Protein chains: 2
Amino acid sequence: MIKQERARRTRERVLTAAAEVFASQGYSRATLSSVADRIGMTKGALYGHFSSKRSLAGALIDESRQAWTSLRTEYDTPGADAGGVLEDVVMGFAGRLQSDVRLRAAVRLAADCPVLARALSDVLVEVHNALMELVRRAQRDSGFPAYSPRLVAHLVMIVMYGLLHAPPGRVDDDRVAGGDSLWRLLFDALSGADGPGVLRAGDDAVSGP
Amino acid sequence: MIKQERARRTRERVLTAAAEVFASQGYSRATLSSVADRIGMTKGALYGHFSSKRSLAGALIDESRQAWTSLRTEYDTPGADAGGVLEDVVMGFAGRLQSDVRLRAAVRLAADCPVLARALSDVLVEVHNALMELVRRAQRDSGFPAYSPRLVAHLVMIVMYGLLHAPPGRVDDDRVAGGDSLWRLLFDALSGADGPGVLRAGDDAVSGP
């Protein structure tokens, strides 16, 4: 039992290290050696847990499916205001992308490797469809502007890819790079909000009011 | 003279082929051989024009600087309505990104390779600053919503990166993939437009009205 628990912990460490490598370097540049090095492991020991770069990537992708499902269940509760649910899901996913390198790696893998992208396809299609449905409800129940739900969902996903692939720390200010204020702006613009969430011109201090 | 003209044309063909390879595969996976193969050239002949993958990338980046300058000069004419200029520049740049694989390659290179990104940094900072300035003017002169100009500019660039890196043809419908309707939605949302540019809910045929 203790042995099993140790193996489980090592597996977790390997997955996190792999995610860090994938998220920063992409699939094609990542190597099993760099993952092993990162946690002071031999490549042989790593092979005891994952037989290939692809199986590592596959494990991260499976996990992202669970992350999405739990996020959706957490916010989309019966009776909740549709606009609020959409906001919580988008902002919650954005926050999770920032804090969870494993989720970030999974999303980045979608764009990096056609073979893996097929494996991810189900998750991405599900996220896209769920967003579309949430936008429709927010338009019907919460007076959101009548933009095409398909396009709104697509734009949200494109911003996600953009944040994962933008060159870090050059164009964007460090305070902006994480993306929190960016998601807030996107959400406000798409929901037609002109309320407290809106960042005022001249208020380039970026942190919201 | 005829010899020079022929050399110039070959150089152009090489640059376009290189751009196609960079735009679809990114910097690290691109090889000089695949560029040469693409236009039925020997690798030796290609070396007569460009000595390395990096010099090819450098030439594309230099060119993107000119593309941006000419775009800006074309639309930002004295006396033009600020909101209109912003729209023209954003939509014009989006259209150019779709039609011009060399520009697309240059922007993608920014995210792919830290060394090249430094070379591109000037262009990207200039684009970002110009967008910020256009947003400020559109807010002052054309009643655009008072979102932070820095964030708006940043969001536009993030969407650009996103479109260049999203996995093709899965989440997004083919008709959407090019990005034209997406840019239109983004522009409408950021400008607070509720006019003819807005795609109506249920009108998921995607092509604008």
Side-chain angles (χ1 to χ4, degrees), chain A residues 25-26 28-29 108 110-112 114 117-118 120-121 124-125 127-128 132 135-136 139-140 145-155 157-168 170-173 176 179 181-182 184-186 188-190 192 194 198-206, chain B residues 25-26 28-29 108 110-112 114 117-118 120-121 124-125 127-128 132 135-136 139-140 145-155 157-168 170-173 176 179 181-182 184-186 188-190 192 194 198-206:
Chain A
Q25 298 176 23
S28 59
R29 272 181 285 175
R108 173 148 189 179
D112 275 5
R118 274 198 291 280
L120 249 181
S121 171
L124 291 175
V125 167
V127 173
H128 187 259
M132 228 162 61
V135 171
R136 270 202 199 95
Q139 289 177 344
R140 197 189 52 211
Y147 298 115
S148 152
R150 176 192 296 278
L151 274 178
V152 171
H154 187 50
L155 181 56
M157 304 205 67
I158 288 294
V159 169
M160 184 179 72
Y161 292 125
L163 279 169
L164 291 173
H165 285 91
R170 253 172 308 273
V171 167
D172 40 323
D173 193 280
V176 184
S181 341
L182 204 76
R184 167 58 48 203
L185 165 66
L186 180 67
D188 283 352
L190 289 172
D194 201 29
V198 173
L199 295 159
R200 294 279 141 205
D203 175 22
D204 268 343
V206 165
Chain B
Q25 299 177 22
S28 60
R29 273 182 285 173
R108 172 148 189 179
D112 277 5
R118 274 199 290 279
L120 250 180
S121 170
L124 292 175
V125 167
V127 173
H128 188 260
M132 228 162 62
V135 172
R136 271 205 198 94
Q139 290 178 344
R140 197 188 51 210
Y147 299 116
S148 151
R150 176 191 297 276
L151 273 179
V152 172
H154 186 49
L155 181 56
M157 306 205 67
I158 288 295
V159 169
M160 184 178 73
Y161 291 126
L163 279 170
L164 292 173
H165 285 91
R170 251 172 312 272
V171 167
D172 39 322
D173 193 281
V176 184
S181 341
L182 204 77
R184 166 57 50 201
L185 165 65
L186 180 66
D188 283 352
L190 289 172
D194 201 27
V198 173
L199 295 159
R200 293 281 140 205
D203 174 23
D204 267 343
V206 165

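Quick note: numbers below take in every heavy atom, side chains included, and nothing from hydrogens, waters or symmetry partners. Quick note on labels: first sequence line is chain A, next is B, and so on, each numbered from 1. Small disclaimer: the values here were computed from a predicted structure and weren't measured.
- The candidate with the highest count of non-hydrogen atom pairs below 4.5 Å against chain B, out of A:Leu186, A:Leu155, A:Val159, is A:Leu155.
- Interface remark: of the candidates B:Ile158, B:Val135, B:Val152, B:Ile158 forms the most heavy-atom pairs closer than 4.5 Å to chain A.
- For the atom pair CG of A:Asp188 and CG of B:Leu190, the computed distance is 10.5 Å after rounding to the nearest 0.5 Å.
- Interatomic distance, B:His154 NE2 to A:Leu163 CG, rounded to the nearest 0.5 Å: 6.0 Å.
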